[in-house]
Structures are given as structure tokens and as C-alpha cells.
Amino acid sequence: MKIIIINGPNLNLLGVREPGIYGAESFEQYLPQLQARYPAIEIAYYQSNIEGELINKMQEVGFTYDGIVLNAGAYTHTSVALHDCIRSLKTPVVEVHISNVHQREEFRHHSMISAACRGVICGFGFDSYRLAVEALAG
């Protein structure tokens, strides 16, 4: 089984960016723990701050991988292009967020991509990624 985690804008700053919300650990520190927990699953990782690059990566893997875990960051709330891309893929996508977006600013309460995704997981810190992997692994 092959799953890719795709992180969007500013998530390259995890561990530095607002540690009160996102924690003090970088995603690169967390990823090996997740990979070790699921040795039978090939878990790849990609991050970009650029919307078009996120779309290109999803189109690249969206017909051959078994699942995509997508934290689109702020693009979650603005991107019809990501929504359309997700709808075009064969591979199921699970939307994840580290924080509970519904406890944050009002503009974060609406997702442009949720309706195109298999499911949404938010508010469990990095464990949101694990829960998404488990959902995809079924």
C-alpha cells in the first residue's frame, strides 16, 4: 500500500510556527515515527507553499497511490482549484488539520475541499495524520 502525505503552505514551519497551536515538533521529526508504526505501508511526503505544485503532485500520484492525506493549510479555505483536482482523482483523499479549525478564526470554519474528500480529521495534533492513514488503510 502506498500513501502520500501532502502538506500545503507554511507547514514547512511546523515546530517554529505558533507552537501553542501546532506544537514544537517539525513534521520531519514526526514522519519517521508514523512510518515506523506502519511498516507495511509506504508513506511518502511532499510539502509546497505553492498551490499549483500541490495540484501537480496530486495529479502525479492520484491514479497510482492508494491514498492521499492532505493538509492544504490556508488553501483549504480558498482553493476551488484544489477541490476540482481532488474530484478528478481516482485515489481517495482525506483532509487533515493539526488544530481544530472550528475553534479558531471564523474564516477557518469553511473548507473549500471537504466536499471533494473522503473524510475530514481535525484537532488531534500530528495524530490527525495517523488517523487519516488508518482510515485509508481500512
Side-chain angles (χ1 to χ4, degrees):
M1 175 169 238
K2 290 170 63 171
I3 293 174
I4 187 167
I5 296 168
I6 299 177
N7 274 345
N10 300 309
L11 294 169
N12 56 309
L13 297 177
L14 291 171
V16 176
R17 174 188 179 206
E18 299 179 274
I21 295 173
Y22 299 106
E25 187 177 28
S26 73
F27 194 81
E28 289 75 9
Q29 291 170 306
Y30 169 72
L31 183 59
Q33 300 167 39
L34 186 64
Q35 290 166 324
R37 185 176 183 134
Y38 300 98
I41 301 173
E42 180 184 324
I43 300 175
Y45 176 60
Y46 180 79
Q47 188 278 329
S48 177
N49 293 316
I50 301 169
E51 183 179 28
E53 289 180 2
L54 298 171
I55 291 168
N56 287 342
K57 179 55 80 172
M58 287 196 301
Q59 289 178 358
E60 176 188 321
V61 301
F63 298 93
T64 56
Y65 274 60
D66 300 298
I68 297 171
V69 175
L70 175 62
N71 184 340
Y75 289 135
T76 299
H77 318 292
T78 63
S79 183
V80 173
L82 283 173
H83 172 100
D84 290 348
C85 175
I86 294 164
R87 285 237 188 252
S88 72
L89 305 176
K90 177 183 131 277
T91 300
V93 177
V94 174
E95 175 186 346
V96 301
H97 300 283
I98 295 167
S99 67
N100 182 345
V101 293
H102 302 288
Q103 292 179 334
R104 298 186 62 198
E105 304 93 337
E106 182 71 28
F107 71 87
R108 295 187 196 277
H109 297 184
H110 180 74
S111 170
M112 297 296 288
I113 66 173
S114 291
C117 292
R118 175 175 282 180
V120 179
I121 299 169
C122 72
F124 295 99
F126 281 145
D127 220 24
S128 294
Y129 293 93
R130 179 190 61 78
L131 293 166
V133 168
E134 287 194 13
L136 290 166

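Transitive grouping of hydrophobic side chains (ILVMFWY, heavy atoms separated by less than 4.5 Å) keeps Leu11 and Leu13 in distinct clusters. Criterion: ILVMFWY side-chain heavy atoms under 4.5 Å apart, direct or through other members. Under it, Ile121 and Ile43 are part of a common hydrophobic cluster. Follow the hydrophobic side-chain contacts under 4.5 Å out from Ile3 and you never reach Leu54; the two are in separate clusters. The cluster map of Ile, Leu, Val, Met, Phe, Trp and Tyr, joined by side-chain heavy atoms under 4.5 Å apart, puts Val69 and Phe27 in the same cluster. Connection of Leu34 to Leu136 is established within a shared hydrophobic cluster, with ILVMFWY side chains joined at heavy-atom distances below 4.5 Å, either directly or through further cluster members.
Across all their heavy atoms, Asp66 and Met1 have their closest contact at OD2-CA, 3.2 Å. Shortest non-hydrogen contact noted between Ser114 and Val120 is OG-CG2, 3.5 Å. What you find for Val94 and Ala132 is that their closest heavy atoms are CG1-CB, 3.7 Å. Heavy-atom minimum distance, Tyr30 versus Phe126: OH-O, 3.2 Å. A pairwise comparison of heavy atoms in Ala72 and Pro9 identifies O-CD, 3.4 Å as the closest pair. The nearest pair of heavy atoms linking Val93 to Leu89 is CG2-CD1, 4.2 Å.
With contacts defined as side-chain heavy-atom distances shorter than 4.5 Å, the pair Lys57/Ile4 qualifies. In this structure, Phe124 and Leu131 have side chains that are in contact, with non-hydrogen atoms separated by less than 4.5 Å.
Under the side-chain contact (heavy atoms from CB on, under 4.5 Å) criterion, Ala74 pairs with no residue at all, not counting sequence neighbours. Listed by chain and number, the residues in a side chain to side chain donor-acceptor pair (under 3.5 Å) with Arg37 amount to none (sequence neighbours excluded). Considering only residues two or more places apart in sequence or on other chains, Thr91 meets the side chain to side chain donor-acceptor pair (under 3.5 Å) condition with none of them. Partners of Tyr46 under the ring pair (Phe, Tyr, Trp, His ring centres under 6.0 Å) rule, at least two apart in sequence or in another chain, do not exist in this structure. In this structure Tyr75 satisfies the ring pair (Phe, Tyr, Trp, His ring centres under 6.0 Å) test with no other residue, sequence neighbours excluded.
Sorted by first and then second residue, the pairs that involve residues 126-135 and meet side-chain hydrogen bond (donor to acceptor under 3.5 Å, both in side chains), not counting sequence neighbours, are Asn7-Tyr129, Tyr38-Glu134, Asn71-Tyr129, Asp127-Arg130, Arg130-Glu134.
Remark: Lys2 qualifies as a cation-pi partner of Tyr65 under the 6.0 Å distance and 45° angle criteria applied to the six-membered ring.
Counting only distance, with no hydrogens or angles, the side chain of Thr76 and the backbone of Gly73 share a donor-acceptor pair below 3.5 Å.
Note that the OH atom of Tyr45 and the CG atom of Leu31 stand 8.0 Å from one another [nearest 0.5 Å]. Taken from OG in Ser26 to CG in Leu14, the straight-line distance is 7.5 Å, to the nearest 0.5 Å. Distance check, rounded to the nearest 0.5 Å: NE2 of His97 to CG of Leu70 gives 8.0 Å.
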Exercise. Going through the checks in order, is the side-chain contact (heavy atoms from CB on, under 4.5 Å) test met by Ser79 and Met112?
Worked result: CA-CA 6 Å; Ser79 183; Met112 297 296 288; 5.5 Å; no
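Judged purely by distance below 3.5 Å, without hydrogens or angles, the side chains of Glu95 and Ser111 pair a donor atom with an acceptor atom. Using modelled atom types and a 3.5 Å distance limit, the side chains of Gln47 and Glu53 yield no donor-acceptor pair.
Under the side chain to side chain contact (heavy atoms under 4.5 Å, CB included) rule, Ile86 has a single partner from Ile55, Ile68, Ile113, which is Ile113.
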